[in-house]
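Below, each value reflects all heavy atoms present in this structure, side chains not excepted, and no hydrogens, waters or symmetry copies.
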Amino acid sequence: MTEGNDENAAAVRAAVEGEMRLLDPEVRASPARVLELLDPEFTEIGASGRRWNAESILTVTSGGSVSAESPVEVSDMSGVVLAPGVVHLTYFSDNRGRRVWRSSLWRLTGSGWRMYFHQGTPSAS
């Protein structure tokens, strides 16, 4: 994880914590908990190539696409502060043999850190 000063380190930690919560099957099963972590202007370009917003992503997260029996494994998590209140995370996710290179932008709002943008790209390695 890339960290500069204490303030930057705290921002990166907050974004990582939010990202990990969004991967938690219990959180994903609760639309209200997912929405607490997504910016109202959230967009995603999924590994499928489909474009999502906060409302449409709930159909996937609350639909049980990630189960407790097959949790998402995360590796190579890295974060950097791009500007005050903006953190960029990158990492690999592995779920049921599907490896995806992921990139997220988190921004600090009046409600705390929220995911503003996310993209997943399938990876062969």
Do the side chain of N53 and the main chain of S56 share a donor and acceptor less than 3.5 angstrom apart? yes
R114 and E41 ion-paired at < 4.0 Å: no
To the closest 0.5 Å, what do you measure between OG (S104) and OH (Y91)? 5.0 Å
Is it true that the NZ or CZ of R102 lies under 6.0 Å from the centre of F92's six-membered ring and within 45 degrees of the ring axis? no
Spacing of CD1 belonging to I57 relative to CG belonging to L38, to within rounding of 0.5 Å: 7.5 Å
The reported gap from CG in L37 to CE in M20 (rounded to nearest 0.5 angstrom) is 12.5 Å
Between V12 and V80, is the side chain to side chain contact (heavy atoms under 4.5 Å, CB included) condition met? List the steps. CA-CA 6 Å; V12 170; V80 63; 5.8 Å; no
For a side chain to side chain contact (heavy atoms under 4.5 Å, CB included) check, start with the C-alpha distance between L82 and L105, then their side-chain angles and the critical distance, and finish with the verdict. CA-CA 9 Å; L82 298 178; L105 288 176; 3.7 Å; yes
Using modelled atom types and a 3.5 Å cut-off, is there a donor and acceptor pairing between side-chain atoms of R28 and backbone atoms of L22? yes
Do L58 and L35 come close enough that some side-chain heavy atom pair is under 4.5 Å? yes
Side chains of V86 and V81, heavy atoms from C-beta outward: is any pair under 4.5 Å? no
Is there side-chain contact between F117 and I45, with at least one heavy-atom pair below 4.5 Å? yes
Considering all heavy atoms of both residues, which atom of S123 and which atom of W101 are nearest to each other, and what is their separation? CB-N, 4.3 Å
Starting from V16, can I reach V100 by hopping between I/L/V/M/F/W/Y residues whose side chains sit under 4.5 Å apart? no
So Q119 and E44, do their side chains get closer than 4.5 Å, heavy atoms only? no
For the pair N5 (side chain) and N8 (backbone), establish whether a donor and an acceptor sit closer than 3.5 Å, ignoring hydrogens and angles. yes
How about D94 and S75: do any of their side-chain heavy atoms sit closer than 4.5 Å? yes
Apply side chain to side chain contact (heavy atoms under 4.5 Å, CB included) to the pair D39 and R107, showing each step before the final yes or no. CA-CA 8 Å; D39 192 274; R107 72 178 177 180; 2.8 Å; yes
Atom pair CH2/NE2 of W106 and H118 - distance to nearest 0.5 Å: 10.0 Å
Is the shortest heavy-atom distance from the side chain of S93 to the side chain of R99 under 4.5 Å? no
Taking the side chain as every heavy atom from C-beta outward, state whether V27 and R33 have any atom pair closer than 4.5 Å. yes
Min side-chain heavy-atom separation W52-T43 under 4.5 Å: no
